[in-house]
Amino acid sequence: MADEIRYEYKTVQTVRGTDGLVISRMQKDGWEFVEQSQGTLRSTLTFRRPKKPIPWPLVGAGAAVLAIIVIVISTAAALSDGGEQKDEAAKPAAGVSEEPSATPTPTAAERAAVEVITPENNSEFATLLKAGGTCDDANADFATKYAGRTVAFNGSIVNMAPHGDYETRYDFLLGTGDKGPNTTVGPAFQYQDVNVAELHLTGADVPATVGVGDKFRFVAEVGDFNAVQCLFHLDPVSTETR
């Protein structure tokens, strides 16, 4: 039908807890929310919006111009081909350079070090760690933008509680700085359902156990932000004593 509306579709992956924020932003850009597919940590949101009508007279004119350009290029290539073949025959054979590349290929460890987000190399992260509230939109914005990336910061254990009925698996609440349970700034970072071995403790003096108030250099992967509980979930990569 001539009047049938044609749509273009777009899918967006979000971390858990940020769906509403993403939907609102997409709707402001003219997209209509269609459906949501919920995963364990991430959701897939589908949007659509009407396609703009195609100006067919302009398309026809453009095709004609393109055909003329192709003919001209083909003719020029045919005329220049003979001259290029003569030039190639006159050139001496090029030897393969035995000199190594001047730029060394970075190792995986070097690439990982560059990619780690710290307060020193990322102003958004620095501002987030100094923020006074633990449940504002800055948490969700950062979690959405940097999901799956690695961050590193100096902090301490604010709280440590058994996860469910487990005796050796815990939920760790982490804070920025050295004040442990007295931390009042920055997000409420959480390691959920991990044991001490999964903290990957490193450093000059690795402790046998950890507890509230202990200070570490936390390196972790960015997870989602739970706006209901005001918890910013991280997954531990390494935990260095300091």
Side-chain angles (χ1 to χ4, degrees), residues 13-21 36-44 108-109 112-113 115-119 125 128-129 131 133-136 138-242:
Q13 283 197 335
T14 65
V15 292
R16 190 171 52 195
T18 64
D19 301 344
L21 181 62
Q36 175 181 2
S37 176
Q38 183 68 52
T40 303
L41 294 177
R42 291 175 173 80
S43 300
T44 300
E115 294 171 355
V116 173
I117 297 171
T118 69
F125 191 46
L128 187 70
L129 295 181
T134 60
C135 205
D136 55 24
N139 293 273
D141 292 343
F142 190 90
T144 301
K145 183 175 181 179
Y146 295 103
R149 295 286 299 275
T150 302
V151 296
F153 63 97
N154 290 339
S156 56
I157 299 178
V158 176
N159 192 19
M160 175 179 173
H163 180 78
D165 295 330
Y166 291 102
E167 295 182 357
T168 58
R169 301 191 67 82
Y170 305 92
D171 293 334
F172 291 92
L173 189 63
L174 315 176
T176 182
D178 302 336
K179 295 185 178 180
N182 296 318
T183 302
T184 57
V185 298
F189 292 122
Q190 186 187 53
Y191 287 163
Q192 188 176 59
D193 189 16
V194 298
N195 58 36
V196 174
E198 291 170 337
L199 295 177
H200 304 294
L201 293 165
T202 64
D205 187 14
V206 176
T209 60
V210 298
V212 173
D214 289 351
K215 297 179 291 185
F216 297 99
R217 173 74 171 176
F218 296 108
V219 180
E221 182 179 310
V222 176
D224 66 302
F225 176 68
N226 188 320
V228 177
Q229 297 177 316
C230 298
L231 293 176
F232 197 130
H233 292 133
L234 301 176
D235 293 317
V237 174
S238 68
T239 308
E240 182 181 1
T241 58
R242 59 184 185 88

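The structure presented is a predicted model; accordingly, all values stated were derived computationally and were not measured.
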Handout entry: Least distance between heavy atoms, Phe142 atom then Ile117 atom
Key = CZ-CG2, 4.4 Å
Exercise for the section: Would you check if the side chain of Arg149 reaches a backbone N or O of Ala143 as a donor-acceptor pair within less than 3.5 Å? Expected result: no
Handout entry: Val194 vs Asp235 side-chain heavy atoms within contact, under 4.5 Å
Key = no
Exercise for the section: Determine the sole option in Leu231, Leu174, Asn226 for which the side-chain contact (heavy atoms from CB on, under 4.5 Å) test with Gln190 is passed. Expected result: Leu231
Completion exercise
Nearest heavy-atom approach of Leu234 to Phe189 is CD1-CD2, 3.5 Å
Problem - Close aromatic pair by centroid cut-off 6.0 Å: Tyr170 and Tyr191 - result: no
Practice task
Provide the full list of disulfide (SG to SG under 2.5 Å) pairs with a residue in residues 153-194, sequence neighbours left out, each pair given once.
Solution key: none
Problem - Pairs flagged by disulfide (SG to SG under 2.5 Å) wherever residues 204-242 is involved - sequence neighbours left out - result: Cys135-Cys230
Practice task
Search all heavy atoms of Phe125 against all heavy atoms of Thr118 and return the closest pair with its distance.
Solution key: CD2-C, 3.7 Å
Problem - For the student: nearest non-hydrogen atoms of Phe232 and Asn139, plus distance - result: CE1-O, 3.5 Å
Handout entry: Shortest non-hydrogen contact between Val116 and Ala152, atoms and distance
Key = CG1-CB, 3.7 Å
Problem - His163: partners by side-chain hydrogen bond (donor to acceptor under 3.5 Å, both in side chains), with sequence neighbours left out - result: Asp171
Exercise for the section: Any chance you could measure Phe172, atom CZ, to Asn195, atom CG, to the nearest 0.5 Å? Expected result: 8.5 Å
Exercise for the section: Decide yes or no for Phe218 and Leu199: does some side-chain heavy atom of the first lie under 4.5 Å from some side-chain heavy atom of the second? Expected result: no
Handout entry: Heavy-atom side-chain proximity of Gln36 to Thr44 below 4.5 angstrom
Key = no
Handout entry: Thr183 OG1 to Leu173 CG distance, which is reported to the nearest 0.5 Å
Key = 8.5 Å
Problem - Pairs meeting criterion salt bridge (charged side-chain N to carboxylate O under 4.0 Å, His left out) with involvement of residues 154-168, two or more places apart - result: none
Problem - Non-hydrogen atoms of Leu129 and Pro119 that approach each other most closely - result: CD1-CG, 3.4 Å
Practice task
Give the C-alpha distance, both sets of side-chain angles, the deciding distance and a yes or no for side chain to side chain contact (heavy atoms under 4.5 Å, CB included) between Asp178 and Ser156.
Solution key: CA-CA 6 Å; Asp178 302 336; Ser156 56; 5.5 Å; no
Exercise for the section: Take Thr239 and His200 through the test side chain to side chain contact (heavy atoms under 4.5 Å, CB included) and record every step on the way to the result. Expected result: CA-CA 6 Å; Thr239 308; His200 304 294; 5.7 Å; no
Handout entry: Glu198: partners by salt bridge (charged side-chain N to carboxylate O under 4.0 Å, His left out), with sequence neighbours left out
Key = Arg169
Practice task
With sequence neighbours excluded, give me every side chain to side chain donor-acceptor pair (under 3.5 Å) pair touching residues 202-221.
Solution key: Asn154-Arg217
